[in-house]
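Below is one structure. I have some questions about it.
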Amino acid sequence: MDDRYDPQQIEPRWQQVWADERTWEVSNSALQDADADPVYVLEMLPYPSGEPHVGHLKNYAIGDAVAHFKRRHGKTVLHPMGFDSFGLPAENNAIKTGEHPRDATEKSIKSFQRQFREWGVSIDWSREIASHRPEYYRWTQWLFLQFFKNGLVERRSAAVNWDPVDETVLANEQVIDGRGERSGALVEIRQLEQWFLRITDYAQRLLDDLDTIDWPEHVKTMQRNWIGRSAGAEVRFRCDELDTEYEVFTTRPDTLFGATFFVMAPEHPDVMKLVEGTDREDEVRAYVQKALTADRTERGAADKPKTGVALGREVVNPVNGERLPMYVADYVLIDYGTGAIMAVPGHDQRDFDFAQAYGLPVKRVIVGANDDAPDDFASDANAWALSEEALPYVGDGPLVNSHADFDGTPNRDALAAITAWLNEQGKGEEAINFRLRDWLISRQRYWGCPIPIIHCDSCGMVPVPEDQLPVVLPEIEDYKPKGKSPLAAAEDWVNTTCPTCARPALRETDTLDTFVDSSWYFLRYTDAQNDQAAFDPAVANRWMPIDQYIGGVEHAILHLLYARFFCKALTDIGVLDVNEPFQALFTQGMITKDGAKMSKSKGNTVAPREIVDKFGADTARTYALFLGPPDQDADWSDEGVEGVYRFLSRLWRLSAEAAEQMVHAAPISEGASAGSSAPHPAGATTPDGCEGDDLELIRKAHWAIDKVTGDMGRRFAFNTAVAAVMELTNAISARRNALVGNGASSRAAEATDEGGTFVNDQVVANLEGWAAIRFALATANSLLQPFAPHLTADAYERLTGCRVWEQAWPAAEQQYLERDEFELVVQVQGKVRDRVTVSASASREELEALAMGREKIQPFLEGKTVVKVIVVPGKLVNVVVR
RNA sequence: GCCCGGGUGGCGGAACGGUAGACGCGGCGGACUCAAAAUUCGCUUCUGGUGACAGAGUGGGGGUUCGAAUCCCCCCCCGGGUACCA
């Protein structure tokens, strides 16, 4: 028998077993069994580009560990895989090289599939999907049409990055310092007709239902902040000159009386209307043009000097009739609120900065805590000692300089009162505003899902009839046509007839945002073969929600929010009954190399392929989980990989050796038929009657069961779980060395052949030791199986004759966890001064007395008075002196 | 800018408010070997001391507590997201 750990030999053998037996496939009919306990474990699907990287390895190592752990707790686990195969990188590659995005993508998918198999990930491949295949995107289109028919789709104009040289729309990512990454041309902002999904209709529910799901708190916080609910009022400001009213959203109606000017966002559609034909027109036009092309993230910077231009118009403050000058300024955002604000420089930092820069009046309407209050301030507001240097004041306080009805009222109370008053007067009303914007789903790109709409001159926008789906993505010559969406070049495809009136009509040439594809793929997995529907609601509802979703924290907002929205909307439409798709979420951290994000340009990438070739998949997977807490970023180290390889080698060698020992011991110890080489079938149960070092080893094994079970089940602490199995393996190795000496191998088999009785006597003498070792090894392999499925299957079979993945997860027995002694720490002033082994049953009083009597602490008590003694049973005694 | 994370030995990291540094890497020393590799055993936060031991120590500053890496406040640095990368 080969005593060398050889993953290249072990791993393919077990992968073959799982493939032949379709071990990881689950059928939907199995769900009809009342005893079925279905669990859905899912990692975010990969975008197939090139080969998988170590980030993928980590993601699927985590997910696979969870899937195995659940299976071994008796669950029926759905664990599928697919590919998010539409997207920009493949299209960019096509523009550069002429290679069809489909070819590059399919090639990449093949590589991903092969490597996932080589990693031994327990995937149900019968449910595989790829979003670029017509049999998938047919249903993406169908879902779009359901949204369309239910009024959740809108078409309206929106700003895009426009590259005037390439004549194409750019993704934000393609805009570098305001220039197109390919052309280098200054990017313009253009307004184009776009498709939207009305996710804002769901803002409140998306916010509220976060309370019902088991997600990391910081991810929920990010989503809450992204949705950005704020309560306030909408107030109408009249512009007499143009005979229009402008609505403003404010969270601070209490400061309405302090407004001294009015500001519009550069994108506001009325800005140019307001200055048309006036002497302001040129200056305003120049400012707007500049603001529109400026870098979006820089624009919001608080420390950036405020800029703007006067419009030469005024609006009337509805609460006091004051005339406020109008400005356009880029610190006002078109996407938030109404794109126009009332400016209250006395109580808002940004308004204050702007007022300072443009010499505008600053008015105080709330009294600060440090201002001196007159006794009767309501009747004599001017008696206030107003400290102008303290402005802007953003805190709370009583109102002043406002209105007789409100002066003196604490501003928080005045908020509601003023809102009610506005409502009475018809000048405004209570309003909730969300930061969340509608989801822009159309893209002027080739490599995406065609939008199934036909534009007809007579009938308008007509949905493609469902029985004509899919609208197949046409073949085109040039992936970068000038000025239009690339699909517009496929004239035979674009020119069609209207499904309603049969007259000539044109197909929509935009494609869908790839986030649409990935917002429902987890539903398709539940019923992936269905060619009559996107999914059977009964099947999807049975599997959903996903019990454990796992993916990168970089998706914490967009993907997760869109998928949540999809499920709610589809549930409202009536094709699904899933309020929240991801009941539990785990977000993994990034793997870096030498402290930096891996990238091809830096040349610091690590390909899993090389690791797997050199050390095997078990090592690669285990290391990916061992290198740190999986939810945090971690740095990859090649030396660390070797450490894990050494650990796995040792575990496997010890297992192989112990299995051999038992084969020879069996006829003698078990009374089994002579010459039988059948492995001990009960190797996984705790041997009885062990004492001394053997008992200690058994205790260690049960400690490891307890530790690994807790680390995996409660907190996803795979790194410490692996460490626990390492500790157990170290203990096994030490016990084994005590039995047979430190030689590389005991060569029991050879010895038996040569030595006859003497060796057998030795084996008998060591029988109890080997039983303990074998149990500990079976336990170590069993605990490590979710991380290293191949070698543990191999070793466990040798040790017990059983398939480890079919075994129930081991249970720690309390009697082996409890100790009758512990090490008491003795502290003085919180500093450790002594340790002593004491009985676990010692009372508080006994612990205190014992501690106080310790010789080592006496010098620290000398000349001091003992003020207090803290006793923490099972842990420590802390003596507090003065 | 805004939102969310993170910062602990030479390195990756461990530590329900209760022994800082588990486990692994690296380093040093020993065993085995003609030798090397592999394996195996021991030591390894820093400073002082032969040593027992003492002092310091979890990005910086303050606070709460008998006791803080952990909780609170302020600051610095690094990472993710920021709506057309996925």
Side-chain angles (χ1 to χ4, degrees), chain A residues 4 44-47 49 84 86-89 92 160-161 169-175 194 216-219 221-226 228 296-304 335 435-445 513-515 518 552-559 561-562 587 589-590 592 595-597 623 626-629 631-644 646-647 649-650 653 717 719-720 722-727 730 733-734 737 741-745 823-832 835 856 867-870 872 875-876 878-881:
Chain A
R4 193 175 61 91
M44 291 178 187
L45 85 177
Y47 172 75
S49 169
D84 188 16
F86 275 134
L88 189 60
N92 285 342
V160 295
N161 300 309
V169 176
L170 297 181
N172 289 340
E173 193 190 49
Q174 297 173 294
V175 181
Q194 302 280 353
E217 208 45 53
H218 70 270
V219 177
T221 303
M222 279 192 264
Q223 290 226 344
R224 284 192 189 103
N225 292 338
W226 186 258
R296 288 182 200 183
T297 50
E298 258 175 48
R299 182 171 149 186
D303 53 356
K304 177 178 163 282
D335 297 315
R435 208 186 73 96
L436 181 70
R437 310 201 303 252
D438 275 332
W439 176 9
L440 199 169
I441 53 168
S442 48
R443 299 289 183 270
Q444 292 69 52
R445 304 197 188 287
D513 179 6
T514 57
F515 274 125
S518 59
V553 70
E554 67 272 20
H555 294 291
I557 294 176
L558 295 179
H559 162 62
L561 195 67
Y562 293 150
T587 52
M590 206 171 50
T592 56
K597 189 174 179 172
Y623 180 68
F626 180 64
L627 52 36
D631 57 334
Q632 311 225 325
D633 292 352
D635 204 59
W636 186 275
S637 124
D638 292 338
E639 294 80 18
V641 178
E642 290 188 44
V644 168
R646 279 200 286 269
F647 156 60
S649 303
R650 193 145 77 122
R653 273 198 320 270
N719 54 330
T720 52
V722 173
V725 181
M726 285 177 173
E727 279 194 57
N730 290 344
S733 182
N737 290 344
N742 280 1
S745 164
E823 191 180 56
L824 180 74
V825 167
V826 184
Q827 297 180 329
V828 179
Q829 306 290 69
K831 282 195 168 80
V832 180
R835 298 155 210 263
K856 279 189 178 170
V867 182
K868 205 198 289 190
V869 179
I870 311 275
V872 183
K875 284 257 159 78
L876 57 79
N878 185 19
V879 183
V880 187
V881 295

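Below, read A as the first sequence line, B as the second, and so on, with proteins coming before strands; counting in each chain starts at 1.
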Contact pattern, 5' to 3', of nucleotides 44-56 of chain B - B, S or - by protein heavy atom under 4.0 Å: ---------SSSS
Whole-angstrom distance between B/rU44 and B/rC77, as gauged at atom C1': 30 Å
Whole-angstrom distance between B/rA14 and B/rU70, as gauged at atom C1': 13 Å
Sugar-phosphate, base or nothing in reach of A/P629, heavy atoms under 4.0 Å: sugar-phosphate
Geometric class of the A/W636/A/Y623 ring pair [parallel <30°, tilted 30-60°, perpendicular >60°]: perpendicular
Nearest-nucleotide 5' precedence on RNA chain B, A/G87 against A/R435: A/R435
side-chain N/O A/R443 vs B/rC84 OP1/OP2, d < 4.0 Å: yes
Sugar-phosphate only, base, or nothing, as touched by A/S442 at under 4.0 Å among non-hydrogen atoms: base
Side-chain H-bond candidate by donor/acceptor type, A/D631 with A/T587, under 3.5 Å: no
Nearest-angstrom distance from the residue atom NE2 of A/H555 to P of B/rC84: 15 Å
Whole-Å distance separating the CD atom of A/E642 from the C1' atom of B/rA38: 12 Å
Gap in Å between the two C1' atoms, one belonging to B/rG48 and one to B/rC4, rounded: 45 Å
side-chain contact (heavy atoms from CB on, under 4.5 Å) partner of A/Q827, chosen from A/V832, A/I870, A/V879: A/V832
Dump the pairs, protein N or O against N or O of nucleotides 3-8 of chain B, anything under 3.5 Å, distances to one decimal.
residue : atom : partner : partner atom : Å
B/rC3   : O3'  : A/N225  : ND2          : 2.6
B/rC3   : O2'  : A/N225  : ND2          : 2.9

Between B/rC85 (C1') and A/E173 (CD): distance, integer Å: 4 Å
C1' spacing across the pair B/rC32 / B/rA56, given as an integer number of angstrom: 42 Å
Sugar-phosphate, base or nothing in reach of A/V169, heavy atoms under 4.0 Å: base
Watson-Crick or G-U pairs under 3.5 Å in RNA chain B, rendered as dot-bracket with [ ] for crossing pairs and | for another strand: (((((((..(((.....[....)))((((((.......))))))((((....))))..(((((..]....))))))))))))....
Sugar-phosphate, base or nothing in reach of A/H559, heavy atoms under 4.0 Å: nothing
Sugar-phosphate, base or nothing in reach of A/L561, heavy atoms under 4.0 Å: nothing
Euclidean distance, atom CG of residue A/D633 to atom C1' of B/rC78 [Å, nearest integer]: 10 Å
Rounded distance in Å - OH (A/Y623) to P (B/rG12): 10 Å
Pick out the pairs of N or O atoms, protein on one side and nucleotides 22-24 of chain B on the other, that lie under 3.5 Å.
residue : atom : partner : partner atom : Å
B/rA22  : O2'  : A/E727  : OE2          : 3.0
B/rG24  : OP1  : A/N730  : ND2          : 3.1

Heavy-atom donor-acceptor pair, A/Q444 side-chain to B/rC84 base, under 3.5 Å: yes
C1'-based separation of B/rU45 from B/rA15 [nearest Å]: 15 Å
Distance test, side-chain N/O of A/S637 to OP1/OP2 of B/rG12, below 4.0 Å: no
Any residue meeting side chain to side chain contact (heavy atoms under 4.5 Å, CB included) with A/A171, in chain and number order, not counting sequence neighbours: A/L88, A/Q174, A/R445
Phosphate-side-chain proximity, A/R653 and B/rU40, N/O vs OP1/OP2 below 4.0 Å: yes
Nearest-Å distance once atom P is located in both B/rC53 and B/rA20: 15 Å
N/O (side chain, A/N737) to phosphate O (OP1/OP2, B/rC41) under 4.0 Å: yes
Touch class at under 4.0 angstrom, heavy-atom based, for A/E823 against every strand present: base
Sugar-phosphate only, base, or nothing, as touched by A/L876 at under 4.0 Å among non-hydrogen atoms: base
Length of the line joining A/W636:CH2 and B/rG12:C1', which is rounded to integer Å: 12 Å
Nearest-angstrom distance from the residue atom NZ of A/K875 to P of B/rA15: 13 Å
Nearest-Å distance once atom P is located in both B/rC75 and B/rC2: 11 Å
Torsion-based syn/anti label for B/rG9, 90° from 0 as limit: syn
Nearest-Å distance once atom P is located in both B/rG62 and B/rC11: 25 Å
Candidates B/rC41, B/rU82, B/rG18 - which lies nearest the side chain of A/V872: B/rG18
Atom pairs under 3.5 Å, N or O on each side, protein against nucleotides 63-71 of chain B: can you list them with distances?
residue : atom : partner : partner atom : Å
B/rC66  : O2   : A/N878  : ND2          : 2.6

